[in-house]
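Read through the structure below, which is laid out as structure tokens, and then see the notes.
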There are 2 protein chains.
Amino acid sequence: MPELKRSRRTQAERTRASREKIIQAAIEFFARQGFRGAKMADIARAAGLSEPGLLHHFPSKTHLLMGVLEERDRIDSERLRATLQQEGSHFLDALTKLVEHNETVPGLVQLFTILAAESVSAEHPAHEFFIGRYQREREHMTESIAQAQQAGEIRADLPAETLTALLFAMMDGLQVQWLLEPEKISMASLFRAMADLLKAGIRE
Amino acid sequence: MPELKRSRRTQAERTRASREKIIQAAIEFFARQGFRGAKMADIARAAGLSEPGLLHHFPSKTHLLMGVLEERDRIDSERLRATLQQEGSHFLDALTKLVEHNETVPGLVQLFTILAAESVSAEHPAHEFFIGRYQREREHMTESIAQAQQAGEIRADLPAETLTALLFAMMDGLQVQWLLEPEKISMASLFRAMADLLKAGIRE
DNA sequence: GTCTATACCCTGATAGAC
DNA sequence: GTCTATCAGGGTATAGAC
């Protein structure tokens, strides 16, 4: 039954396409108004369907949030991982390139800035998610930094764990100032200044 | 008319006391759930009055938010100012002391972390407030840093404006990681590591 | 200055048809 | 998989008495 098979595949593709549109719309509104401020009706409309239509794919607002976070986190983690493991170039230069890339996707930066801050509250649905995310990413970066220290690329007078926490904090903190005043604050060049401070052999 | 006068003063004192209780309660709930998540009913109950009782003092939720921000900003800016202008001790040590102090008031740190992140959205009622706040505070800190550079306390191979943005970003970013895992992340000692990087004459 | 009562809108979610 | 219709509950704010 070729018809049946094609019909099934078309259905599945439609489902995937709908989910994709919903995720995109949800990113937009979660980024603009946070989890609590975003309205399911707006997201549904932007995705081109009704509210119950949306709820068919994500049975609750929290499910939708987790869907967005898992989807985006998968992509972004992969990018970070690739950056950290980049061969041939200086580790801190690769990280600076990541910050440069972030300047081209303000919506995604705003999504994670707002949701991460909201999530520090223990009652936020993404609280555990962000704790796990930071733990995971810090672990990976610490490995890369330790290697770069042994290779003599990064100053070795500070533990790799410390440098990791500082670098993530710098990225997160610069994002807030940049999102508030993108014309005034150059996230990438400020981060580059920080990176230079951490390179081995720098003298004033 | 001594009675009338005393009665008037008592009224005014009661008003001040009510406003103070409301502000305290609002800090608690804005810190826990952000502006959009916090409920006027909860704040009113925690302040010991009804919802219309609260609205007598702050005619809308936005007015209440601005009341909280102006009140806390006044106190915190003063503390930062005093820190920046502290004589006799190293500028960066004074700043580290401020971070140490922040570790004793997690509620206030969470208030500003969540509200600052929420406010990057142009439609947030505190958007302009936080833009102005960062501009103001960066200006003051830049002055202090330039002086410390001339005094030979801070490395002078970076512009004071750059160092200012980096220091604020570091404070903000560390707060997120610390609020998520206060037992694991020591905000003050991580900030001290950053401060040491910026002291003049440091060698690896 | 504070209350009770209430208007009125919004919001996430469900029921059930197609 | 998507819709229309609808619900129950929560949300800010107002009216008017005390």
Side-chain angles (χ1 to χ4, degrees), chain A residues 3-26 28-30 32-69 115 118 123-126, chain B residues 3-26 28-30 32-68 118 123-126:
Chain A
E3 298 86 18
L4 216 163
K5 214 169 190 178
R6 188 163 55 207
S7 151
R8 269 221 305 265
R9 240 188 55 194
T10 303
Q11 285 275 34
E13 277 166 16
R14 250 179 222 174
T15 296
R16 270 195 52 245
S18 272
R19 279 184 63 103
E20 191 48 41
K21 284 185 79 173
I22 292 169
I23 298 262
Q24 284 308 316
E28 183 190 335
F29 284 95
F30 285 153
R32 270 165 56 183
Q33 319 188 310
F35 172 67
R36 296 189 237 250
K39 289 165 262 183
M40 293 293 269
D42 288 342
I43 296 170
R45 200 176 325 116
L49 33 66
S50 69
E51 223 177 313
L54 190 167
L55 288 164
H56 170 73
H57 296 276
F58 299 93
S60 78
K61 194 183 182 184
T62 297
H63 283 89
L64 176 54
L65 173 66
M66 297 319 280
V68 167
L69 287 176
L115 291 181
E118 275 186 330
E123 57 220 90
H124 192 280
Chain B
E3 298 88 16
L4 215 164
K5 214 168 187 175
R6 186 162 58 205
S7 153
R8 269 221 304 265
R9 241 191 52 195
T10 303
Q11 286 273 36
E13 276 167 14
R14 250 179 223 176
T15 295
R16 270 195 53 244
S18 272
R19 279 184 63 101
E20 190 48 41
K21 284 185 81 173
I22 291 169
I23 296 262
Q24 284 307 317
E28 184 189 335
F29 284 95
F30 286 152
R32 270 167 54 182
Q33 319 188 309
F35 173 66
R36 297 189 235 250
K39 290 165 257 180
M40 294 293 269
D42 289 342
I43 296 171
R45 200 176 327 115
L49 33 65
S50 69
E51 227 177 310
L54 190 168
L55 288 165
H56 170 75
H57 296 275
F58 298 93
S60 79
K61 195 183 180 184
T62 297
H63 282 90
L64 176 56
L65 173 66
M66 298 318 281
V68 167
E118 276 186 329
E123 57 222 270
H124 192 280

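Reminder, nothing fancy here: chain letters follow the sequence lines and each chain counts from 1.
C:dT14 atom C1' lies 15 Å from atom CG of A:L54, rounded to whole Å. Across the protein-nucleic acid pair, B:L55 atom CG and D:dG11 atom P stand 14 Å apart, rounded to whole Å. Between the P atom of C:dG12 and the CG atom of A:L64 lies a distance of 10 Å, rounded to the nearest Å. One can place CZ of A:R36 at 15 Å from C1' of D:dG10, the figure rounded to the nearest angstrom. When rounded to the nearest whole Å, the span between CE of B:M40 and P of C:dC9 equals 19 Å. Atom CZ of A:F58 is separated from atom C1' of C:dA13 by 16 Å (rounded to the nearest Å). Between the NE2 atom of B:H63 and the C1' atom of D:dT12 there is a distance of 14 Å, rounded to whole Å. Remark: C1' of C:dT11 and CZ of A:R45 are 13 Å apart, rounded to the nearest angstrom.
Contact check, B:S50 against C:dT2: no side-chain N or O comes under 4.0 Å of OP1 or OP2. Between B:S18 and C:dT2 there is a side-chain N or O to OP1 or OP2 distance below 4.0 Å.
A side-chain donor-acceptor contact under 3.5 Å links A:K61 to the backbone of A:F35.
Of the candidates D:dT14, C:dG12, D:dC3, D:dT14 carries the atom nearest the B:P52 side chain, counting heavy atoms from C-beta on. Between D:dA15, C:dT14, C:dG12, one nucleotide has an atom nearer to the side chain of A:E51 than all others, and that is C:dG12. Ranking D:dT2, C:dT2, C:dG12 by closeness to the B:H57 side chain, first place goes to C:dT2. For B:H56, taking side-chain heavy atoms from C-beta onward, the closest of the listed nucleotides C:dT2, D:dA13, D:dG10 is C:dT2. You'll find that the side chain of A:K39 is closest to C:dT11, out of C:dG12, D:dT14, C:dT11.
For the pair B:M66/B:F58, no side-chain contact is recorded, criterion being any heavy-atom separation below 4.5 Å from C-beta on. Residues B:L49 and B:H56 form no side-chain contact, since every pair of their non-hydrogen atoms from C-beta on lies 4.5 Å or further apart.
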Under the side-chain contact (heavy atoms from CB on, under 4.5 Å) criterion, do B:I23 and B:H57 qualify, and how do the steps go?
-> CA-CA 10 Å; B:I23 296 262; B:H57 296 275; over 6 Å; no

Taking it one step at a time, do B:E20 and B:Q24 satisfy side-chain contact (heavy atoms from CB on, under 4.5 Å)?
-> CA-CA 6 Å; B:E20 190 48 41; B:Q24 284 307 317; 3.3 Å; yes

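Across all strands shown, B:A17 has no heavy atoms under 4.0 Å from either base or sugar-phosphate atoms. At the heavy-atom level, B:A47 lies nowhere under 4.0 Å from the strands shown. B:L49 comes within contact range of the sugar-phosphate backbone alone, with a heavy-atom separation under 4.0 Å but no base atom that close.
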